[in-house]
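What follows is one structure encoded as structure tokens, with my remarks underneath.
All values reported here derive from a predicted model rather than from experimental measurement. Because only heavy atoms are used, hydrogens play no part in the values below, and waters and symmetry mates are left out as well, while side chains stay in.
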Amino acid sequence: MGDNADTNHDGNGGASCKGPGRASGSFYTGEYGGVSFKPRNAIANEFQDPFCFHAYSPVTMRTNTVTVTQNFTVGVGGCVWECGDLLRRFLVAEQQDVLKHTKTISTISKTTLPWTFLWNQTTAIELGCGTAIGALAAAAAGSKAVCATDFAHVLDAVTRANAASNKHLGCPVALREWSWGNEEHEAEIIKWIDDASTSGSANTRKTKAAKSRGDKSRTSADLAPQTLLVLGADLAYVPEVFDKLVACLQSLERASQARGWKFAFAFAHRPRLPAAEDLLLSLEDIFSYHAFVSSSLLDKRYQNTKYAATTGVRIYTSKRNTPNVLLETT
């Protein structure tokens, strides 16, 4: 956590920070291109700058504090939106008890639950990362390697600082420019995947050190296939690029299959326009739609909102995945 930030729990497993930035109530008041980008719901307005949360890693068996600084001059890409918060809530293990004891989730395959990810065998890539809240959550959970992707100006204005200020997580967050549809950018991402597959993060090294001391608890997980976990939050608001987004996901799926890895896409989504339904239909046609974890399960503040039933985290996997793609072997 930043030296000047005080932590206050938000009552649902996370934490918010009151630091040198904006105070509560003045969030999203900046302007981008002369147009205000204040969100249309009260929950996002409650987020503070910097935004902080705690994440327990089953790999390192430590609880990390993640600090996400925002840059309001960047526009929508420089802010933490509600879907970014829902994605990190789904990923971090602090939500384990919330989901375990919710009847609604009991009928959903355990392969969709966050604490069953084999984090020390997971390589995570966030698309359209902005502040990189999803990538940072994956790093804090114990991923083997993490990459945050977005436009170059967003990476320079906000993402790079967040990656640098959270190096204590044990898994450095790599940054790569990716304008969907750009073949050179895509080639760089595939190269990063290759590099990541042959290197280990501090989280991975800690796991190996534990095994050398006689800790055999993770042997089965270490032998499991690796997973390429793609992360996305609030990606469906420019219909003109939906086809390019789907093509990027297909490329990543092919890359995972070529390496004998499993593939999963965790997509935090709130319908903001009718055309978004076309994107969801495309995803369901191409991938296996595993489950939908509603916003009200992840954050009780959504329980009485009109969009709670349609907002949440959708889990897609490759149709070639085995049923237990994300399930930890016992």
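A search for salt bridge (Lys or Arg N to Asp or Glu O under 4.0 Å) contacts involving Asp156 returns Arg160, not counting sequence neighbours. Among residues two or more places apart in sequence or in another chain, the side chain to side chain donor-acceptor pair (under 3.5 Å) test is passed with Ser288 by none. For Tyr289, the ring pair (Phe, Tyr, Trp, His ring centres under 6.0 Å) partners are Tyr316, not counting sequence neighbours. With sequence neighbours excluded, no residue forms a side-chain contact (heavy atoms from CB on, under 4.5 Å) with Ala161. With sequence neighbours left out, the ring pair (Phe, Tyr, Trp, His ring centres under 6.0 Å) criterion links Phe242 to no other residue. For the salt bridge (Lys or Arg N to Asp or Glu O under 4.0 Å) test, residues two or more places apart in sequence or in another chain that qualify with Lys191 are Asp195. Residues passing the side chain to side chain donor-acceptor pair (under 3.5 Å) test with Asp278: none are found, sequence neighbours excluded. Every residue was checked against the side chain to side chain donor-acceptor pair (under 3.5 Å) condition with Ser282, not counting sequence neighbours, and none meets it. Applying the side-chain contact (heavy atoms from CB on, under 4.5 Å) criterion to Gln250, with sequence neighbours excluded, gives Val246, Arg254, Ile286, Phe287. Evaluation of the side-chain contact (heavy atoms from CB on, under 4.5 Å) rule for Thr310 yields Pro271, Tyr307 as partners, not counting sequence neighbours.
Taking both residues in full, the closest heavy atoms of Ala135 and Leu231 are given as N-CD1, 4.1 Å, listed atom of the first, atom of the second, then distance. Taking all atoms of both residues into account, the shortest heavy-atom contact from Gly77 to Val154 is O-CG1, 4.0 Å.
Residue pairs meeting the salt bridge (charged side-chain N to carboxylate O under 4.0 Å, His left out) criterion with at least one partner in residues 231-252, sequence neighbours excluded, are Asp234-Arg272. Within the structure, the salt bridge (charged side-chain N to carboxylate O under 4.0 Å, His left out) test picks out no pair touching residues 166-181 (sequence neighbours left out).
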**Request:** In sequence, state the C-alpha distance, the side-chain angles, and the governing distance for Asp194 and Arg259, and then conclude on side-chain contact (heavy atoms from CB on, under 4.5 Å).
**Result:** CA-CA 9 Å; Asp194 285 332; Arg259 291 155 183 79; 2.6 Å; yes
**Request:** Determine, stepwise, if the pair Phe51 / Thr67 fulfils side-chain contact (heavy atoms from CB on, under 4.5 Å).
**Result:** CA-CA 6 Å; Phe51 180 91; Thr67 303; over 6 Å; no
**From CA spacing to verdict: side-chain contact (heavy atoms from CB on, under 4.5 Å), Leu228, Thr122** = CA-CA 6 Å; Leu228 180 62; Thr122 296; over 6 Å; no
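The closest side-chain heavy-atom distance from Arg314 to Leu280 is below 4.5 Å. Side chains of Leu229 and Ser143 form no contact here, defined as non-hydrogen atoms less than 4.5 Å apart. Side-chain contact between Trp178 and Glu188 is absent, with no heavy atoms from C-beta onward closer than 4.5 Å.
No hydrogens or angles considered: nothing links the side chains of Thr131 and Gln70 as a donor-acceptor pair under 3.5 Å. A donor and an acceptor atom, one from each side chain of Thr65 and His54, are located under 3.5 Å apart. With 3.5 Å as the limit, one finds a donor-acceptor pair spanning the side chains of Ser318 and Gln257.
In this structure, CG on Leu175 lies 7.0 Å from SG on Cys147, to the nearest 0.5 angstrom.
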